[in-house]
Amino acid sequence: MRWSNYFLYTLREVPSDADVISQKLMMRAGLIRKVAAGIYNYLPLGLRSIKKLEQIVREEMNRAGATELLMPAIQPAELWMESGRWQKYGRELLRIKDRHDRDFVFGPTHEEVITETVRDSINSYRQLPINLYQIQTKFRDEVRPRFGLMRGREFIMKDSYSFHTTRESLDQTYEAMRKAYSRIFNRCALDHVPVEADTGNIGGSASHEFMVLAQSGEDAVVSCPHCKYGANIEKATSKFFDDETEPAPAAAVEDIHTPGTKTIDDVGRFLGKPTSQLVKTLVFDTDLGPVMVLVRGDREGNEVKIKNHLGAQWMEMLPDTRFEEATGAPIGYCGPVGTKCARVLADYSLRGRSNWIVGGNRRDTHTANVNPGRDFPEPEYGDFSTVFAGDPCPRCGTPLELYRGIEVGHIFKLGTKYSESMNCVFLDEGGERKPMIMGCYGLGIGRTVAAAIEQSHDDDGIIWPMPIAPYEVVVTVVGKDENVVRTANEIYEKLLAAGIEVLLDDRDERPGVKFKDADLIGFPLRIAVGAKSLAGGNVEWSWRRDRAKQLDAPDAVTARVIDEVKAARSQGL
RNA sequence: CGGGGUGUAGCGCAGUCUGGUAGCGCACCUGCUUUGGGAGCAGGGGGUCGGAGGUUCGAAUCCUCUCGCCCCGACCA
């Protein structure tokens with residue numbers, strides 16, 4: 001491609017609404033352009049990277065035995081009513097009406113459609129297992145889209161769905177997908193880690209997320225440096241710890257005057273005790289009614305764990321306006337003794353401890369020496385707190401490390417959640433009707449490209465990994481000298497003939513502009529043809545990653561660059 | 001959905017408090033010079049000042065409503 005004929009315009013200044021590196025660079029380099037909040041144009045250069053990643057994904061999915069199809073972006077509401085998600089999915093689901101006033105959704109995911117599709121065609125165990133995938137535009141009406149392609153509302157995703165007769169069969173496919181995902185991310189040279197994850201809106205029994213480690217990541221993950229345990233912070237557990245307190249004989253309940261102590265830190269300071277010796281009380285509003293959760297004062301409640309334990313459809317922190325009405329206690333002084341909350345949960349961090357200091361359910365009052373079972377009904381114990389860096393690994397006890405990550409893939413063992421609600425059944429060998437056992441596997445295409453940039457850039461721009469670079473080589477024409485132009489064109493033609501993805505920078509621009517643009521866009525390899533070096537019979541080539549310039553004759557450089565591209569392409573294959 | 005901010009040329013911004021008919025940098029066009037890391041000089045084109053209503057002789061500026069966008073929080077594959 002000749003740049004002078006191409007639709008590629010870089011920006012010197014960063015649009016003011018960009019806030020992460022990948023978004024700034026993608027906009028500046030002319031890869032994407034925002035059309036509305038969370039909705040982007042994929043400009044020609046950006047589309048090339050997207051298409052290249054899609055191709056890698058296709059190759060690996062096909063290799064793993066999956067089959068591509070394409071489902072509609074617009075889906076009838078009936079399907080969502082059938083699965084129950086028309087009610088459950090919430091405002092993130094974009095609902096639209098057609099001219100007949102019938103309800104549709106713009107698909108945020110495709111469990112319903114695929115389940116119906118398979119249900120209509122597959123009846124026998126002989127036809128299973130099957131694994132179907134698509135690469136398609138989805139829409140989720142995010143509360144707050146941000147970070148460019150990392151959290152758009154409209155986005156491109158690869159999603160696959162597998163159907164099985166047995167758990168074992170699902171396990172096999174799940175494992176095959178796990179391997180395929182690792183291969184995909186390895187081929188893109190992405191530093192990633194698979195972690196255990198919560199299943200969220202999709203549901204199911206087990207799931208793993210693929211995280212690309214990056215400062216700008218929206219998710220926190222814990223990882224064990226010793227045994228490779230890894231989990232999303234929402235899900236992560238650590239070994240039970242009881243290092244702070246010796247169990248003591250239960251003492252008599254005692255009220256303490258604690259004026260003006262709204263927070264747990266206030267109370268600790270006032271009483272001169274570490275917060276680890278206090279009990280923190282959280283109250284959540286749920287569809288099952290208000291729920292009180294007690295955690296050790298220095299720990300944090302984990303809403304996902306709590307919600308999963310309760311089996312609640314929705315849950316949120318009790319709003320201040322309703323607090324006293326629901327709990328009977330002023331904010332800051334809520335506690336389990338005599339509370340109006342019907343359900344009281346307590347984190348494992350409190351198990352076995354006695355003589356708690358808790359809120360007194362009256363203004364300016366805490367109560368000491370409170371003992372569960374004696375002063376209030378024994379609470380439901382469970383893992384309700386969030387892991388901190390340094391907590392012992394649940395498997396091997398090594399202190400856990402905490403990272404930020406970008407979730408680029410998420411795989412689930414769905415089980416029969418959708419096949420049961422949507423009657424997707426097969427006949428087994430004995431002629432018995434059984435719901436199919438399902439898995440689903442998502443991979444964010446745009447997000448992965450953005451993650452690659454987050455992970456590979458410098459002050460001057462993107463440093464593309466070769467496999468998803470929009471072009472592998474840029475040939476920069478330096479100046480207007482006839483020889484220069486001719487030589488550059490010859491090199492360009494030879495690279496094209498060799499099947500190299502090459503962009504010829506034949507624009508009428510000064511060299512500095514061209515070099516800055518080449519760095520910004522981040523072509524892995526650059527060949528610069530200029531009068532000075534050409535006078536000595538040479539042209540110059542360099543890698544974007546170190547920009548070390550090397551001179552040689554045009555033919556030699558051309559041959560060398562072809563070799564380098566081919567070598568880089570084959571890496572990870 | 002709560003709190004805050006913002007909307008003026010393709011991009012980045014000033015002007016708004018104190019009303020007088022719109023400006024700067026980059027980009028774009030023309031000319032000359034320049035030509036290996038975002039050139040210089042000179043000239044030029046481009047804006048319903050987010051929208052609607054109101055106040056006023058006069059509104060980018062004041063008032064009311066509305067829409068978009070951004071940030072923090074809540075929420076979320």
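Just so you know, these numbers use all the heavy atoms, side chains as well, and skip hydrogens, waters and symmetry mates. Order of the sequence lines fixes the chain letters, A, B, ..., with proteins taken first and strands second; residue numbering starts at 1 for each chain.
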Peer 1: Checking all strands, does A:Lys34 fall into the base, sugar-phosphate, or nothing category for heavy-atom contacts under 4.0 angstrom?
Peer 2: sugar-phosphate
Peer 1: Starting from P on B:rC13, measure out to CD on A:Glu13 and report it in whole angstrom.
Peer 2: 8 Å
Peer 1: From the list B:rC69, B:rG38, B:rC11, which nucleotide is the closest neighbour of the side chain of A:Arg12?
Peer 2: B:rG38
Peer 1: Among B:rG36, B:rG38, B:rC69, which nucleotide sits nearest the side chain of A:Arg28?
Peer 2: B:rG38
Peer 1: As a test of reading the structure: which of B:rG38, B:rC70, B:rG36 is closest to the side chain of A:Val513, going by heavy atoms?
Peer 2: B:rG38
Peer 1: Whole-Å distance between B:rG73 C1' and A:Glu142 CD?
Peer 2: 16 Å
Peer 1: Is the number of heavy atoms from other residues, nucleotides or ligands within 6.0 Å of CD (A:Gln215) greater than 12?
Peer 2: no
Peer 1: For RNA chain B, whose closest nucleotide is more 5', that of A:Arg144 or that of A:Glu209?
Peer 2: A:Arg144
Peer 1: Students often mix this up, so state it plainly: with edges at 30° and 60°, are the rings of A:Phe412 and A:His410 parallel, tilted or perpendicular?
Peer 2: parallel
Peer 1: Rounded to whole Å, how long is the line connecting atom CD of A:Glu509 with atom P of B:rC28?
Peer 2: 6 Å
Peer 1: Do A:Arg486 and A:Asn483 have side-chain atoms, one donor and one acceptor, less than 3.5 Å apart?
Peer 2: yes
Peer 1: Is there a side-chain polar atom (N or O) of A:Arg146 under 4.0 Å from OP1 or OP2 of B:rC72?
Peer 2: yes
Peer 1: According to the Watson-Crick and G-U wobble definitions, with both distances under 3.5 Å, which nucleotide is paired to B:rA39?
Peer 2: B:rU33
Peer 1: Taking any strand in view, what nucleotide pairs with B:rC1 in a Watson-Crick or G-U wobble way, both distances under 3.5 Å?
Peer 2: B:rG73
Peer 1: Could you tell me the Watson-Crick or G-U partner of B:rA59, where both distances fall under 3.5 Å? Say none if there is no partner.
Peer 2: none
Peer 1: Mapping A:Ala36 and A:Lys516 onto RNA chain B by nearest heavy atom, which one lands closer to the 5' end?
Peer 2: A:Lys516
Peer 1: Could you tell me whether the side chains of A:Glu111 and A:Thr109 share a donor-acceptor contact shorter than 3.5 Å?
Peer 2: yes
Peer 1: Between B:rC11, B:rG36, B:rC75, spot the one nearest the side chain of A:Leu11, thanks.
Peer 2: B:rC11
Peer 1: B:rC28 pairs with which nucleotide, Watson-Crick or G-U wobble, both distances below 3.5 Å?
Peer 2: B:rG44
Peer 1: In terms of side-chain heavy atoms, does A:Tyr441 have a donor or acceptor partner in A:Ser162 at a distance below 3.5 Å?
Peer 2: yes
Peer 1: Using purine N1 to pyrimidine N3 plus N6-O4 or O6-N4 for Watson-Crick, or N1-O2 and O6-N3 for G-U wobble, both under 3.5 Å, which nucleotide pairs with B:rU16?
Peer 2: none
Peer 1: Let me know the distance between CG of A:Asp517 and P of B:rA27, rounded to the nearest Å.
Peer 2: 12 Å
Peer 1: Provide the Watson-Crick or G-U wobble partner of B:rU21, both distances under 3.5 Å; none if there is no partner.
Peer 2: none
Peer 1: Measure the distance from CE on A:Met26 to P on B:rC11 and round it to the nearest whole Å.
Peer 2: 19 Å
Peer 1: Under a plain distance cut-off of 3.5 Å, with no hydrogens placed, do A:Tyr133 and A:Asn131 share a side-chain donor-acceptor pair?
Peer 2: no
Peer 1: Mind checking A:Phe155 for me? I need base, sugar-phosphate or nothing, with any heavy atom below 4.0 Å counting as a touch.
Peer 2: base
Peer 1: Across all strands, who's sitting opposite B:rU6 as a Watson-Crick or G-U wobble pair, both distances under 3.5 Å?
Peer 2: B:rG68
Peer 1: With respect to the side chain of A:Ala37, which nucleotide from B:rG36, B:rG38, B:rC70 is positioned closest?
Peer 2: B:rC70
Peer 1: Under 4.0 Å between a side-chain N/O of A:Ser16 and OP1 or OP2 of B:rC13, yes or no?
Peer 2: yes
Peer 1: Counting side-chain heavy atoms from C-beta on, which of B:rC69, B:rG10, B:rC13 comes nearest to A:Arg33?
Peer 2: B:rG10
